[in-house]
Amino acid sequence: MPADGPPFVTHEVANQVPPLEQRNLYDDNAPLIEALAREGGGWAHERAREVGAAWGADPIRWGFEANENPPKLKTFDRYGHRIDEVEFHRAWHDLMALAVAHELHSLPWTSGHDGAHVARTALYLTAAQAEGGFACPTTMTFAAVPALRAQPDVAARWEPLLTATSYDPVLRAPGEKRSALCGMAMTEKQGGSDVRANTTVARPLPGADGEYELTGHKWFCSAPMCDLFLVLAQAPEGLSCFALPRILPDGTRNAFALQRLKDKLGNRSNASSEIELHGAWAQLVGAPGRGVPTIIEMVGHTRLDCVIGTAAGMRWGVANATWHAAHRSAFGARLADQPLMRNVLADLCVEAEAATALAMRLARAYDEAEHDEHARHLKRLATAVGKYWVCKRGPGHAFEALECLGGNGYVEESGMPRLYREMPLASIWEGSGNVMALDVLRALSRGPGGAAVLGAFLDEVDAAAGGDRRLDAYAASLRDEFADTEALELRARRVVERMALALQGSLLVRHAPAAVADAFCASRLARDAGLQYGTLPPGVDVEAIVARHTPQPG
Ligand SMILES: Cc1cc2nc3c(=O)[nH]c(=O)nc-3n(C[C@H](O)[C@H](O)[C@H](O)COP(=O)(O)OP(=O)(O)OC[C@H]3O[C@@H](n4cnc5c(N)ncnc54)[C@H](O)[C@@H]3O)c2cc1C
């Protein structure tokens with residue numbers, strides 16, 4: 001027994017970092033605050049502060065609980081009746097209820113304000129830092145609304161429920177619901193990117209206009225406890241879009257059977273399932289045979305959210321990495337004061353700021369698209385470019401942020417492994433990397449329409465002309481990519497990557513502090529740029545960049 005102190009005391013705990021808790025996730029995020037005002041959502045500032053305070057408190061714990069207690073498939077009740085339900089932990093319901101209360105699923109469809117997409121993006125980018133899983137049904141419900149509007153009678157029934165703000169998780173007849181959530185079922189075993197290969201059959205019900213029976217399977221159907229699904233199936237006229245409720249108007253269960261839940265890499269708080277439809281009742285949405293153009297409205301808004309969600313994850317990675325380095329010492333000095341760590345942190349900050357700027361600019365294009373042609377073209381192209389690039393950068397960013405925490409970052413309690421596992425999802429879902437790159441080429445290949453969207457995109461880049469000579473040179477060389485039509489498909493990723501960098505560079509040169517814009521141009525637009533984070537060249541003001549992004553104590 002030691003001479004002094006109680007038994008088994010070997011050391012004092014020292015040099016561990018205080019927990020990053022009870023933060024206002026919006027107040028901590030200077031680039032987001034600036035972008036909200038700049039892009040036309042300034043009216044939502046106080047609201048964003050409320051959301052930032054709320055999601056920086058209990059939801060962080062709920063995120064851990066919901067992932068430690070993942071959803072369970074309940075195929076049968078105790079008496080052997082088929083029920084096809086999924087049981088979620090209370091923390092999941094708390095997350096969903098707060099998301100719905102904060103209108104993350106609905107704001108642009110109900111607010112009546114200009115800049116409502118921008119406002120929602122700021123709220124979503126703030127909330128999704130706490131946890132990623134709840135974002136899936138939140139996004140799908142949000143994105144379903146514009147697609148459903150292709151069928152006004154169906155939209156009239158469902159839109160008020162899908163945009164309501166009182167969370168109602170009980171599966172029951174639409175007439176008895178206070179609110180509803182919507183999912184999507186497109187992917188089948190034989191193909192997800194190529195939905196034209198869908199084999200699910202839609203048989204028109206005789207004498208019932210627009211009503212069909214759907215039979216087939218779906219291989220990836222997330223959030224199966226949603227009340228409604230937009231489903232693609234082969235009608236006599238070809239692939240068509242349908243609205244399929246889980247519970248029929250008379251209160252009986254639709255013929256929607258859950259086969260199993262997916263054992264996923266991440267996103268474990270959320271359920272993703274394989275389902276079968278056994279003559280399930282559904283209503284046509286849009287024209288028969290026009291399933292892809294109808295559901296593309298949903299797909300487009302989902303892709304927007306993939307950009308926002310990844311920007312949120314990057315911000316959370318930066319918050320944790322800069323916080324840790326500000327409070328941890330090694331070799332006699334704070335990590336944040338050591339030149340090489342500053343370089344890594346600053347590089348991560350620049351990436352997160354570029355993603356945020358792009359997400360917020362993209363959201364403004366969604367706000368303005370209805371009455372502005374430039375915005376419409378920009379929305380078309382920048383959604384695909386941004387989804388490709390920002391989501392591709394996510395996993396590497398999360399890994400590097402995790403490494404800033406050293407061994408603690410590799411441990412679940414830090415939350416960083418969960419962030420890291422979540423990140424690839426946004427890149428795969430709703431158009432994997434290659435599919436997004438090819439989508440950019442598709443948009444560009446449409447004759448005069450293609451020239452117009454490219455023109456709008458390049459105009460947006462050129463809005464920063466004269467602001468930085470490296471950006472000017474980069475924008476000029478980007479034009480050469482399109483002049484050279486040789487092997488364009490083979491080069492598609494390279495071309496889209498360069499478009500994304502030019503757009504992000506333009507946004508940062510125009511709007512970010514000089515240190516951030518300079519770091520971006522020096523590292524992302526230069527010929528001899530390093531390949532890893534932490535390779536910003538000398539001369540970049542890494543101290544100013546890190547200071548801008550570090551959560552302040554208190
Ligand atoms: C967590 C999660 C949740 C999901 N939730 C849903 C959901 O709710 N509803 C739903 O319908 N789907 C859902 N999906 C499915 C997802 O949208 C598909 O997995 C995705 O679209 C890819 O389809 P696939 O898996 O069939 O891959 P494939 O289409 O077989 O693609 C495989 C690879 O080939 C590439 N590729 C495809 N075509 C080309 C080409 N022409 N040239 C070059 N490369 C190409 C792709 O980029 C990809 O990398 C979910 C997926 C995940 C991971």
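Just follow the structure's listing: the first ligand is 1, and inside any ligand the first atom is 1. All values reported here derive from a predicted model rather than from experimental measurement.
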Could you verify whether a donor N or O on one side chain and an acceptor N or O on the other, from [X] and [Y], lie under 3.5 Å apart?
| X | Y | value |
| --- | --- | --- |
| Glu65 | Asn67 | no |
| Tyr124 | Thr139 | yes |
| Ser273 | Lys262 | no |

When you measure from [atom] to every protein heavy atom, which one gives the shortest distance, and what is it?
| atom | value |
| --- | --- |
| atom 5 (N) of ligand 1 | Ser222 OG, 2.8 Å |
| atom 36 (N) of ligand 1 | Val435 CG2, 4.2 Å |
| atom 49 (O) of ligand 1 | Ser432 CB, 4.0 Å |
| atom 28 (P) of ligand 1 | Ser193 OG, 3.6 Å |
| atom 26 (O) of ligand 1 | Gly192 N, 2.6 Å |
| atom 41 (N) of ligand 1 | Leu438 CD1, 3.6 Å |
| atom 1 (C) of ligand 1 | Leu425 CD1, 3.1 Å |
| atom 16 (C) of ligand 1 | Thr187 OG1, 3.8 Å |

Atoms in ligand 1 with a heavy atom of Met186 nearer than 4.0 Å
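Counting from 1, the qualifying ligand atoms are 10 (C), 11 (O).
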If we count only non-hydrogen protein atoms and require a distance under 4.0 Å, does [atom] qualify as touching the protein?
| atom | result |
| --- | --- |
| atom 30 (O) of ligand 1 | no |
| atom 33 (C) of ligand 1 | no |
| atom 9 (N) of ligand 1 | yes |

Using the six-membered ring of Trp158, assess whether NZ or CZ of Lys177 lies under 6.0 Å from its centre and within 45 degrees of the ring axis.
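Because its charged atom misses either the 6.0 Å distance or the 45° angle limit, Lys177 does not stack over Trp158.
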Regarding Arg203 and the six-membered ring of Tyr212, is the cationic atom NZ or CZ under 6.0 Å from the ring centre and inside 45° of its axis?
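The answer is no, since Arg203 fails at least one limit relative to Tyr212.
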Does any N or O atom in Met184 lie less than 3.5 angstrom from one in ligand 1, N or O only?
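Yes; at least one N/O pair falls below 3.5 Å.
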Mutual orientation of the aromatic rings belonging to Tyr167 and His93 [parallel < 30°, tilted 30-60°, perpendicular > 60°]
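Tilted.
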For the pair Phe134 and Trp55, name the ring-plane relationship: parallel under 30°, tilted 30 to 60°, perpendicular over 60°.
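The arrangement is parallel - the two ring planes meet at less than 30°.
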Just to be sure I'm reading this right: ignoring hydrogens, which of Trp429, Trp219, Phe220 gets closest to atom 52 (C) of ligand 1? Compare them by their nearest heavy atoms.
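Of the listed residues, Phe220 has the closest heavy atom.
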Just go through Asn198, Ile428, Asn434, Val195 and tell me whose heavy atom is the nearest to atom 19 (O) of ligand 1.
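Answer by nearest heavy atom: Ile428.
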Contact check, Gly191 vs ligand 1, heavy-atom distance below 4.0 Å
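Under 4.0 Å: yes for Gly191.
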Thr75 (side chain) donor-acceptor with Asp84 (main chain) under 3.5 angstrom:
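No.
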Applying salt bridge (charged side-chain N to carboxylate O under 4.0 Å, His left out), which residue pairs with at least one partner in residues 119-131 are found, sequence neighbours left out?
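Those involving residues 119-131 are Arg120-Asp305, Glu131-Arg418.
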With sequence neighbours excluded, tell me which residues meet side chain to side chain contact (heavy atoms under 4.5 Å, CB included) with Thr199.
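Once residues adjacent in sequence are excluded, the partners of Thr199 under the side chain to side chain contact (heavy atoms under 4.5 Å, CB included) criterion are Glu188, Gln190, His217.
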May I ask you to identify, for Glu430, whether its side chain, its backbone, both or neither come under 4.0 Å of ligand 1 on a heavy-atom basis?
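Backbone only.
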